[in-house]
Each structure stands twice: as C-alpha cells, then as structure tokens.
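Okay, structure first, notes after.
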Number of protein chains: 2
Amino acid sequence: MGLTIKQVSEKYNIPANTLRYYEKAGVIPPVTRTASGIRDYSEEDIAWVENAKCMRAAGLSIESLIEYLRLYKEGDSTIRERKELLSQQRDLLIAQKKQLEETINKLDYKISRYENALKTGKLTWE
Amino acid sequence: MGLTIKQVSEKYNIPANTLRYYEKAGVIPPVTRTASGIRDYSEEDIAWVENAKCMRAAGLSIESLIEYLRLYKEGDSTIRERKELLSQQRDLLIAQKKQLEETINKLDYKISRYENALKTGKLTWE
DNA sequence: CGTTGACTTTGAGTTAACTCTAAGTTGTAT
DNA sequence: ATACAACTTAGAGTTAACTCAAAGTCAACG
C-alpha cells in the first residue's frame, strides 16, 4: 500500500541506511511494517521523513529532532516545550541566515575584484 | 608589535589550538614570528584569520579555504581559478540560504500552530 | 638562579552524523 | 524448488573539523 524503503530512499535521495538510522535513533517514529516486518512507509511516515530532510538540510541537529519527537510522543502536555524548542531552532537559523548573507556579500566583493583584474590584467589593490 | 596568539584567540573567540591548526593545515599563511619564534600576528595575518572565521561560520569547508590559499600563493596566474572557486562557494551559499528560508517558513508555520493551540487549549488540526 | 606561565611541537582522541559490513531472512522470478 | 536480489539486524568504521595531552623550550620576575 505504502512505499518501500527503497522507494522513499529514491524519492527523497536519502540512503536507505540513513532512513533506518533515523528510525532507530528516534528522528522519525517507528515506520509502519508489513506482516513480515518489512518497512511500508505510510503518508504520515513519509511526512516525517520529508520534515527530517528539510530540517537537516537547514542544519538542525539530529539531537534536536530526536528531542522534538520525544516531546511529540508525550502528547499535548508538551506543546509549550515543543513550541520553545522550535522557536530556539528558528532563532539559530535566523542567525545563520544573517551570517550567510554577510559572507555572500564578502564573496561578491572579492569576485568582482577578480573579475576586474581579469579585464584590466591586474588587481586594482590588495 | 602585532598580537600574540592569545590576543587573537580572545579577539575572535577562536581557541589558540584552532589558530595553530589553521596555520599548519594551510587555511591561513604562516604567521609572522618574533626572533624567538613566537607567533606575532600582523594586521595582514589577522585579516586572514578574520576571513577564515567568516567563511567557516558560513559553512565553507576547510578544504576549500586551503585550496584558495594554495592558489593565492601561486600568484597572478591563478586569478581565474580563484574567481571560479569563490563563485562556486558563493553558489553553494546561495542555495543554502534558500534552504534556510524554506525551513524558517516551515518552522514559523509550526510555531504559529502551537501558539494557537496554547491560546485555544487544543491543536487546530494535525 | 629558580620557578612560573605562555609558548612550542607531534600526534592521539573526540564528536556528529552518517556509512558500511557481516551474517542472516524473505519474496519473487525461472 | 532454487537462486537471487532486497530486506533485516547489530555493530564497527569513516569523515570533517577540531580539541586535547604530553613533553619540551624560553623569557621574565622575585
């Protein structure tokens, strides 16, 4: 009915071993299994994978994802804590974004100097 | 005349060991030394440290910084290559920034859902 | 002149996040 | 039925980037 680990692996370009690792480590909840114990990813399972991929791509730690899932499993009593956790992570990403913009500007400046050097045949200053 | 390793370490909040590591690995050029061989960071040395810190904070690999310095040392004949290297790194950062923005949006959405849940006492949907 | 504290080097150890191996089981195609 | 690929697990190995330890040198202060 759902997707095999291989299909999920290909769809999201995440190695099957990494998907198993995420499950075992508690980054995503236990995946639905067939009668014979084979992983059979439901839409919900897939949504967790997609979320993990997105968060990891932005640099959130495995640890914070594990902590989030732990709180999630505990139910409604952890809503405030979960919100706090996400806010903290959001703040980290905002800071990262600022750093990134700063560095991109520096690179742009250096690149334009090199472009100028290539046109005129020499660096304008060092 | 210049700064000691400790002063640079404190000014940029980089452990002294890491400064030595950067120098040894070729992330920054060999630092000016006193007659007795002690590091005595000149303004130029410090500019390299500052640059390394900025690039690393944005996520550039040590390897790419080493490669850049290698080209830099070779002189003007590598200007095109250096420009290419910086452009590639810039493109990586642009992509990272996009990913970051996407993830921040997702987090903002989730956070607003939790805030709503905290006000109304329950999650509006799952 | 001795000791203190910052410096030096080489090289081993740590951490996060995978990534792979080995050994074994199962579903499917001939 | 039999072979073969894809699955399973536990656990060891890898990589990047530090991070620390050990052993030794050196300038300056009391």
Side-chain angles (χ1 to χ4, degrees), chain A residues 1-28 30-42 45 48-49 51-70 89 92-93 96 99 103, chain B residues 1-28 30-42 45 48-49 51-70 89 92-93 96 99 103:
Chain A
M1 212 47 273
L3 299 186
T4 66
I5 196 170
K6 195 174 189 192
Q7 287 169 329
V8 175
S9 164
E10 278 164 6
K11 182 166 180 186
Y12 292 102
N13 206 27
I14 302 171
N17 274 330
T18 300
L19 288 170
R20 294 187 197 103
Y21 161 68
Y22 279 177
E23 188 178 346
K24 197 174 172 189
V27 171
I28 59 173
V31 169
T32 314
R33 303 293 180 118
T34 64
S36 54
I38 307 257
R39 287 178 182 83
D40 180 41
Y41 289 79
S42 70
D45 294 328
W48 276 98
V49 169
N51 187 62
K53 183 182 173 147
C54 177
M55 296 299 148
R56 284 294 301 132
L60 292 230
S61 70
I62 288 288
E63 199 189 356
S64 71
L65 299 181
I66 291 170
E67 174 67 2
Y68 179 78
L69 179 54
R70 196 186 65 70
Q89 297 303 311
L92 284 178
L93 297 194
Q96 249 186 71
Q99 175 64 57
T103 308
Chain B
M1 211 47 271
L3 299 185
T4 66
I5 196 169
K6 193 172 191 197
Q7 287 168 329
V8 175
S9 164
E10 278 163 7
K11 182 165 180 188
Y12 292 102
N13 206 28
I14 301 172
N17 274 331
T18 300
L19 288 171
R20 294 188 197 105
Y21 162 67
Y22 280 178
E23 187 178 346
K24 196 173 173 190
V27 171
I28 59 173
V31 169
T32 314
R33 305 290 180 122
T34 64
S36 54
I38 307 257
R39 287 177 183 82
D40 180 40
Y41 289 79
S42 70
D45 294 328
W48 277 98
V49 169
N51 186 63
K53 182 181 173 150
C54 177
M55 297 297 148
R56 283 295 301 132
L60 292 231
S61 70
I62 290 287
E63 199 190 355
S64 70
L65 299 181
I66 291 169
E67 174 67 1
Y68 179 78
L69 179 55
R70 196 186 64 72
Q89 298 301 313
L92 283 178
L93 297 195
Q96 249 186 70
Q99 174 66 55
T103 307

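Just so we're clear, the structure is a prediction, and the values are computed from it rather than from any experiment. In the text below, chain A, chain B and the rest are named by the order of the sequence lines, each starting its count at 1.
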**Q.** Nearest-neighbour nucleotide for the A:Tyr22 side chain, C:dC18, C:dC7, C:dT21 considered
**A.** C:dC18
Q | 5' precedence on DNA chain C between A:Gly37 and A:Pro15 (nearest-nucleotide basis) | A | A:Pro15
**Q.** Nucleotide C:dT8, atom P - distance to CG of B:Leu19 in whole Å
**A.** 10 Å
Q.
From CZ of B:Arg39 over to C1' of C:dT8, roughly how many Å is that when rounded to an integer?
A. 8 Å
Q: Please report, rounded to the nearest Å, how far the C1' atom of D:dC18 is from the CD atom of B:Glu23.
A: 16 Å
Q.
Tell me the interatomic distance from A:Leu3, atom CG, to D:dC7, atom P, rounded to whole angstroms.
A. 12 Å
(Q) Side-chain N or O of A:Arg33 versus OP1/OP2 of C:dT26: is the shortest distance under 4.0 Å? (A) no
Q | For A:Ala16 against A:Ser9, the heavy-atom pair lying closest together | A | N-OG, 3.7 Å
(Q) As a test of reading the structure: which of D:dT8, C:dC20, D:dC7 is closest to the side chain of A:Lys6, going by heavy atoms? (A) D:dC7
Q.
What is the distance, to the nearest angstrom, from the OH atom on A:Tyr41 to the C1' atom on D:dC7?
A. 12 Å
Q | Whether A:Lys53 side chain and A:Ile14 backbone form a donor-acceptor pair below 3.5 Å | A | no
Q. When you match A:Thr18 and A:Ile38 each to their closest nucleotide on DNA chain C, which lands nearer the 5' end?
A. A:Thr18
**Q.** Electrostatic pair B:Arg20:B:Glu23 at N-O distance under 4.0 angstrom
**A.** no
**Q.** Nearest-Å distance for atom pair CG/C1', residues A:Asn17 and D:dT14
**A.** 13 Å
Q) Got a donor-acceptor contact below 3.5 angstrom from the A:Asp45 side chain to the A:Ser42 backbone? A) yes
**Q.** Gap separating the CD atom of A:Glu10 from the CG atom of A:Leu3, nearest 0.5 angstrom
**A.** 10.5 Å
Q. CD1 of A:Ile28 versus P of C:dC18: gap in Å, rounded?
A. 12 Å
Q) Side chain of B:Arg20: nearest nucleotide among C:dT9, D:dT9, C:dT19? A) C:dT9
Q. Would a 4.5 Å heavy-atom cut-off, applied to side chains only, mark B:Tyr21 and B:Ile62 as touching?
A. yes
Q. For residues B:Asp40 and B:Thr34, is any side-chain donor paired with an opposing acceptor at under 3.5 Å?
A. no
(Q) If I take atom CD1 in residue B:Ile5 and atom C1' in nucleotide C:dT8, what distance separates them, rounded to the nearest angstrom? (A) 10 Å
Q) Taking the side chain of A:Tyr21 as heavy atoms from C-beta outward, which of D:dC20, C:dC18, C:dT9 is closest to it? A) C:dC18
**Q.** Shortest side-chain distance from A:Lys24, nucleotide among C:dC7, D:dA10, D:dT8
**A.** D:dA10
Q: Mind running a 4.0 Å heavy-atom check of residues 51-69 of chain A against DNA chain D and sending the residues that fall below it, in number order?
A: none
